[in-house]
Amino acid sequence: MAPNCTVLREIASEIQDIENDASLADMTNFAARVAVIDRIEFRILDRLDGLGDLPELSRRAEGLQNDLEAINQALFRGLREQIRLGNCTGAAFRNEMLRYTGAASDAHGYDAIDVFVNGLLRGDTAPAETRPREPEMVFYQPTPARIVLELARKIGKGDVFYDLGSGLGQVTVLVNLLAGCKSIGIEFESAYCDYARGCAAQLELSRVEFVNADARNADYSDGTVFFMYTPFKGAILRRVLERLAAQARKRAITIGSYGPCTLDLSKQSWLTRMDQNGNVENKLAIFASSDEEN
Ligand SMILES: C[S@@+](CC[C@H](N)C(=O)[O-])C[C@H]1O[C@@H](n2cnc3c(N)ncnc32)[C@H](O)[C@@H]1O
């Protein structure tokens, strides 16, 4: 089948436009680079695939993609080094991240900040699960980074933060970087825990820990702020909330939540809702333990 000439001309001109766009080499144009890398994948390479064997155009498109990825990788290497040196934490880290990605969107899903965080924190491919989850345990899915940015604003240096069901460790690491506090992830899946430890180690973060445990049995005795992105449901969630309520009888605690579990937390008589976000699953909810029941 002869390739469609109009489509080919369109693709060639799109490649040419990207090749001519010098602004994409500017380190701070991260979001634009991410959009163009996607465009090359889905609008150019996919279409070229469908048109048959067109090695010259495919080679140019893949070359562009590799060059843009290389700029992002250089950016992440530099930033990791600044983090290791202790020069890029707290407000400096937040500002640096937003400088590259633009302000956090109010969208429902993930945005350029998530692509940035993935690139910064993750070297290797995510591991597969090694043990079966109980039916009430929720599979891994990361909290959108914009939610973590909002959460970290509620946390101080002196807090001890726990992410219950910490998955690949993104929330735990980001909260430590943004708020400067001790940050602990509790995760049932050992492969996720090992992976998360690797992320923290590459950044030399001494106040980040990952505990491979069931959240029903973990030690929360030093925790002041807890976070859940709906890691479990039903009886597991009830048991973990009982354990947190027991902690709240000893000292005031804060719980952040995201996703459907917010509804369950809002029914707890020992918790008072502190934010104005309503029972909307795609917004962060913040609860403070109240004295009445304690
Ligand atoms: C929706 S993901 C949230 C991941 C992480 N908090 C984040 O936002 O990036 C839920 C995680 O909870 C873990 N999990 C489920 N049940 C658990 C339990 N009983 N104890 C500890 N972790 C559990 C799952 O393995 C999964 O990694």
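Remember, predicted model here, so these are calculated numbers, not experimental data. Indexing begins at 1, ligand by ligand and atom by atom, following the structure's order. Quick note: numbers below take in every heavy atom, side chains included, and nothing from hydrogens, waters or symmetry partners.
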Of all the atoms in ligand 1, which lie at a distance below 4.0 Å from a heavy atom belonging to Phe139?
1 (C), 2 (S), 10 (C)

Under the ring pair (Phe, Tyr, Trp, His ring centres under 6.0 Å) rule, what pairs show up with a residue in residues 182-219, not counting sequence neighbours?
Tyr140-Tyr192

Counting N and O atoms only, with roles assigned by atom type, does the side chain of Asn95 sit under 3.5 Å from a partner on the main chain of Ala91, one being a donor and the other an acceptor?
yes

I'd like to know if the side chain of Thr262 pairs up with that of Ser257 as donor and acceptor (distance under 3.5 Å, no hydrogens or angles considered).
yes

Looking at Val171, which atoms of ligand 1 are within less than 4.0 Å of one of its heavy atoms?
7 (C), 8 (O), 9 (O)

Any Arg216 heavy atom less than 4.0 Å to ligand 1:
no

Under 3.5 Å: N/O of Glu187 near N/O of ligand 1
yes

Proximity of Phe232 to ligand 1 by residue part, where a heavy atom lies under 4.0 Å
side chain

Glu189-Thr130 side chain donor-acceptor pair, cut-off 3.5 Å
yes

With rounding to the nearest 0.5 angstrom, report the CD to CG distance, Gln268 to Leu244.
9.5 Å

Between Arg84 and Leu79 (side chain of the first, backbone of the second, donor and acceptor by atom type, cut-off under 3.5 Å), is there such a pair?
no

So does Met274 have more than 12 non-hydrogen atoms from other groups sitting under 6.0 Å from CE?
no

Closest non-hydrogen protein atom to atom 24 (C) of ligand 1, residue and atom name please, with distance?
Val138 O, 3.3 Å

Ignoring angles and geometry beyond distance, decide whether Asp214 reaches within less than 3.5 Å of ligand 1 through its nitrogen or oxygen atoms.
yes

Any non-hydrogen side-chain atom of Phe30 less than 4.5 Å from a side-chain atom of Val115?
yes

Checking the N or O distance criterion of under 3.5 Å, is ligand 1 in contact with Thr143?
yes

Does Leu164, backbone or side chain, put an N or O under 3.5 Å from an N or O of ligand 1?
no

Looking only at non-hydrogen atoms, the one of Gly167, Gly165, Ala191 nearest atom 6 (N) of ligand 1 is Gly165

Quiz: residues 156-164 side-chain donor-acceptor pairs under 3.5 angstrom, not counting sequence neighbours:
from   : atom 1 : to     : atom 2 : distance (Å)
Asp159 : OD1    : Thr224 : OG1    : 2.7
Asp159 : OD2    : Gly156 : N      : 2.8
Tyr162 : OH     : Asp219 : O      : 3.2
Tyr162 : OH     : Asp222 : OD1    : 2.6

Near Gln141 (heavy-atom distance under 4.0 Å), the atoms of ligand 1 are 1 (C), 2 (S), 3 (C), 4 (C), 7 (C), 8 (O)

Met137 neighbourhood, listing ligand 1 atoms whose heavy-atom distance to it stays under 4.0 Å
15 (C), 16 (N), 19 (N)

Do me a favour and list the nearest non-hydrogen protein atom to atom 23 (C) of ligand 1 with residue, atom name and distance?
Phe188 CB, 3.6 Å

Judged on heavy-atom distance to atom 14 (N) of ligand 1, which of Pro142, Pro231, Ser166 sits nearest?
Pro231

Does Gly185 have a non-hydrogen atom less than 4.0 Å from ligand 1?
no

Atom indices of ligand 1 within 4.0 angstrom of Ala213 heavy atoms, with elements:
20 (N), 21 (C)

To the nearest 0.1 Å, how far is atom 1 (C) of ligand 1 from its closest protein heavy atom, and which atom is that?
Tyr229 O, 3.3 Å

Which of the numbered atoms in ligand 1 are below 4.0 angstrom from a heavy atom of Tyr192?
27 (O)

With a 4.0 Å cut-off on N to O distance, would you call Glu204 and Arg80 a salt bridge?
no

Sub-4.0 Å atoms of ligand 1 with respect to non-hydrogen atoms of Asp163
5 (C), 6 (N)

Is the closest side-chain donor-acceptor distance between Arg77 and Gln73 under 3.5 Å?
no

Under a 4.0 Å N-O cut-off, is there an ion pair linking Glu56 with Arg60?
no

Ala215 versus ligand 1: do any nitrogen or oxygen atoms come within less than 3.5 Å of each other?
yes

